[in-house]
Amino acid sequence: MAKVPVQFTLNGSEKAEFVDSGTTLLNALRDKIGDTSPKGGCQQGTCGACSVIVDGELRLSCLTLAETCNGAAITTTSGLAEGGVLHPLQRAFLDTFATQCGFCTPGMIMAAKVLLDHTPNPSREDVVEALSGNICRCTGYEPIIQAVLTAARANSQSAA
Amino acid sequence: MALALQTFPTVRDANAALKVAGTRYLGGGTLVVRAANEGDVAVSGLVRSTDPALSAVEIADGRVRIGASVTMAAIARHAELGALAKAARAVGGPAVRNMATVGGNLFAPAPYGDFAVALLALDAMVSTDDGELPVETFLGGRDNSRAIVTSVSFALPKDDGFRFLKVSRIKPKGVSVLSIAVVLEQAGNGTISSARIALGCMADRPVRARAAEKALLGKTLDPNGIAAALGAAGEGTSPITDPIASAWYRAEVLPVHLGRLLLS
Ligand SMILES: Cc1cc2nc3c(=O)[nH]c(=O)nc-3n(C[C@H](O)[C@H](O)[C@H](O)COP(=O)(O)OP(=O)(O)OC[C@H]3O[C@@H](n4cnc5c(N)ncnc54)[C@H](O)[C@@H]3O)c2cc1C
């Protein structure tokens with residue numbers, strides 16, 4: 001099968017690879033580039049574990065073809081910590097025990113990050129809506145909702 | 001298995017590439033890439049066009065034209081498409097809405113196709129390079145349609161002229177038990193002078209509830225006025241059975257939800 005070039009920035013650094021045409025962004029990230037933070041759960045767009053941010057928008061990387069992302073800026077959960085310091089969302093997920101098996105966590109954090117980027121002080125309903133495409137089988141969701149609200153409060157305190 | 005994707009700047013060239021057996025058009029990919037991931041061998045190649053007209057929204061003289069590549073998220077946040085926001089937000093969760101296109105929704109089998117239900121009630125026209133078709137005709141023939149849909153157009157409904165309801169079990173996002181869109185016009189005395197009712201999940205694709213529409217004409221929007229329409233709502237439908245609900249259940253709850261929507 002013909003290889004096609006894909007080129008984008010991933011968490012701020014330039015990436016260029018050749019992939020088989022039709023390769024999903026999820027497979028390109030995990031198998032070619034080595035960023036295993038997006039998870040392959042259902043491969044049907046239903047679970048949200050593969051969620052990444054493409055040009056500021058939440059996307060399902062299992063249903064996105066890598067070659068349609070040429071020139072895009074992609075963010076994954078592995079790019080959030082800076083200099084060994086966890087992002088406020090990661091810290092809040094740990095503090096509120098919102099991570100159990102951890103499989104859904106990177107997708108949840110991506111969905112939450114897009115929310116907080118646009119709505120720094122979300123209501124509980126905003127959080128529930130923002131996470132509505134992400135499935136968690138461990139926590140019952142409540143600790144995750146609390147983590148996002150906690151991170152939002154931490155954000156607004158550090159901004160003040 | 002990977003699928004080769006071919007990208008063309010013009011719809012014309014993409015249409016030509018789609019003539020090859022096994023190729024499918026790629027909109028947002030939420031259904032067609034999903035099918036490939038599930039091992040659907042009927043899809044061997046994908047074609048898309050990056051023509052900017054496919055992503056345009058034009059509003060002039062009370063009519064709107066939405067390019068086929070416009071996403072549900074773009075419609076939901078568009079300042080002048082507020083009337084449609086509820087129908088666009090009914091499709092999937094946030095990530096799905098950032099990907100799901102208007103063009104793809106026209107092909108989505110039940111229980112999907114919530115936005116197409118809205119387009120059916122709005123009596124939209126569907127455009128391809130071959131010309132325009134009323135959405136009802138288009139939906140009826142969609143299984144054999146090969147041409148790329150370029151846009152949909154319709155008269156912008158007046159503020160409260162368009163009503164939409166999606167019934168789902170999982171909140172806030174879930175697959176439809178059913179979806180209903182209604183466009184009503186009322187005469188000066190409050191009686192209904194025209195009604196279009198479209199139903200999702202009451203067949204394998206969105207359908208009009210013509211008997212209910214007829215039963216509303218000349219009636220007022222109150223429990224007595226709509227009773228005959230509710231009685232006729234399921235006429236001619238053949239609801240789907242899926243893990244969300246049986247055909248029997250859908251038929252039972254349709255009048256309840258239609259009544260709530262009409263009286264809301
Ligand atoms: C987790 C999940 C939840 C979902 N929830 C909902 C929901 O609640 N409601 C709902 O309505 N849908 C839902 N969907 C289904 C789907 O996302 C939408 O129907 C969407 O609008 C399909 O559009 P797309 O652009 O992604 O289509 P694609 O997958 O790109 O295409 C679907 C089909 O349409 C054809 N096609 C696409 N665009 C064109 C065009 N312009 N011209 C000709 N043919 C075209 C393709 O060839 C393909 O056969 C869901 C999907 C997922 C994965």
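All chains are named by letter (A, B, ...) in the order of the sequence lines, taking the proteins before the strands, and each is independently numbered beginning at 1.
With a 4.5 angstrom heavy-atom cutoff, B:R89 does not touch chain A via any of its atoms. Only the side chain of A:L65 has a heavy atom closer than 4.5 Å to any heavy atom of chain B.
Looking only at distances, no side-chain donor or acceptor of B:N98 sits under 3.5 Å from a matching main-chain atom of A:E57. In this structure a side-chain-to-backbone donor-acceptor pair under 3.5 Å is present from B:N37 to A:C62.
Using a 4.5 Å cut-off on side-chain heavy atoms (C-beta onward), B:V96 and A:L60 make contact.
Among the residues in residues 163-177 of chain B, those with a non-hydrogen atom closer than 4.5 angstrom to a non-hydrogen atom of chain A are B:P172, B:K173.
The only option from A:V4, A:T23, A:T68 that meets the side chain to side chain contact (heavy atoms under 4.5 Å, CB included) definition with B:L5 turns out to be A:T68.
Among the candidates A:R59, A:E125, A:M110, the residue making the largest number of heavy-atom pairs closer than 4.5 Å to chain B is A:R59. Contacts with chain A were tallied for B:G93, B:G45, B:A95; B:A95 has the most, counting heavy-atom pairs under 4.5 Å.
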Item to check | Full working for side-chain contact (heavy atoms from CB on, under 4.5 Å) between A:E67 and B:T7 | outcome: CA-CA 10 Å; A:E67 62 212 271; B:T7 302; 5.7 Å; no
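Within a 6.0 Å radius of CZ in B:R12, no more than 12 heavy atoms belonging to other residues, nucleotides or ligands are found.
B:A124 meets the side chain to side chain contact (heavy atoms under 4.5 Å, CB included) test with B:L119, B:V135, B:F154; sequence neighbours excluded.
Residues B:E38 and A:Q44 bring a donor and an acceptor atom of their side chains to less than 3.5 Å of each other.
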